[in-house]
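These notes concern the structure reproduced below.
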Amino acid sequence: MSWKELWSSDLQDSLPLRFIVAALFLAGCAAVPLESSTIPHPSSRSGPSAKHEYQEAVGVIHVHSTYSDGLLPVDRIARIANAQGLDYLIITDHNTLQGRREGKQGWHGRTLVLIDDEISTRGGHYLALRLAKEVPRLQDTRWTMEAVSAQGGLGFIAHPFWPRRPWKDLQVRGMTGLEIYNAVGDMTGKKILWLGPWLILTGSEFSITQWLTRQKESLDLWDTTLARGDRVVGIGSTDAHGLRRWGMRLGPYATLFKLVRTHLLLPEISEKAIYNALAGGHAFVAHDMVAEAKGFSFAAVERDKVAGIMGDQVIWGRGLRLYAYLPSPGNLVLFKDGRPAAKERGQQIWFDVPGPGVYRVEATRSGKPWIYSNPIYVIE
Ligand SMILES: [Zn+2]
Ligand SMILES: [Zn+2]
């Protein structure tokens, strides 16, 4: 069986499930079992082309608990993640690792909880992962970034264009990555006034997807940084606080955990593997509330073999092609060096690689943003 046939057989197996999930969404059901997909990740299949043996870990990044200004304690948040079948959960309270000192890091049921830090700098918020100890807050931005790197930590620019805490130094280099989507950034201003009553009236998570936007400024910043030759990992963040205003639940953890997830490709689910996948960009960001995203793949393929996955560097050759697999049909845009280079509709999409460059894809469904791959770096 060829690689393409192998992958298309995944679709055949899952068609009834796709239909049921779609019907549940249309019914506005608030409890869609998103974790119930049985689509196996293509790379997990044996076959001549399944060179890499990654598994997919689905989780959420950037969550606040009662250790800072979140509504719920870590244990309760972990239970919500667990109920959704999430593989990992990264708690990032403001300027503290207290949760780790109190033993909250570790497995909570099937979810691995990691306790990290969102550092307030003088020029914006910086998500710092894999820190050994806290970095002082309210320091110069570049100083903070260096302090994180000096500990072997990973650093991500948080909500770079959120009006209340924008990132000021847009020319900065040296971060691991940035948030290409932050849910709080999608719930500001007039929108929040409409979204709250709408949620209460409809009780439907499906309706939230109507408010989803492509966060163009963050994506443009990412593209600009990639185009100048930097390796920058894109992550999706919930920034969940369990927000309540005027007696309304405007940002429940459970809702945000379905709205944006960061899917990782890794050899196993462990603390080390999660951080390595994030450091290496073996990741994609998805709005799983729009449609199930598990199983998505974007790879460089040469002579029917996977030459590299998202985050990898691949040497350009005439036979090199890019392959995107969507768990269900959608529209796909290929970006080369930060600019749209090709558009296709379908489920299994091939692109020729005209030459070296930085390649990433974005998928949409029904006009809504859905999946953002991390780039593949094709070099001479
Ligand atoms: Zn923040
Ligand atoms: Zn935050």
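In listed order, ligands and their atoms are each counted from 1. These numbers come from the heavy atoms of this one structure, side chains and all, not from hydrogens, waters or symmetry mates.
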Please check if the distance between the ring centroids of W167 and Y126 is under 6.0 Å. yes

Are the side chains of Q313 and R231 in contact, using a 4.5 Å heavy-atom criterion? yes

Could you pull out the N/O/S protein atoms under 2.8 Å of the Zn ion (ligand 1), ignoring any water? E118 OE2, H125 ND1, H159 NE2

Side-chain heavy atoms of L71 within contact of H241, under 4.5 Å: no

Nearest 0.5 angstrom please: Q215 CD to D220 CG, how far? 12.0 Å

Nearest-0.5 Å distance that lies between atom CD1 in I61 and atom CD1 in I235: 4.5 Å

Centroid-centroid distance, F296 to H263, less than 6.0 Å: no

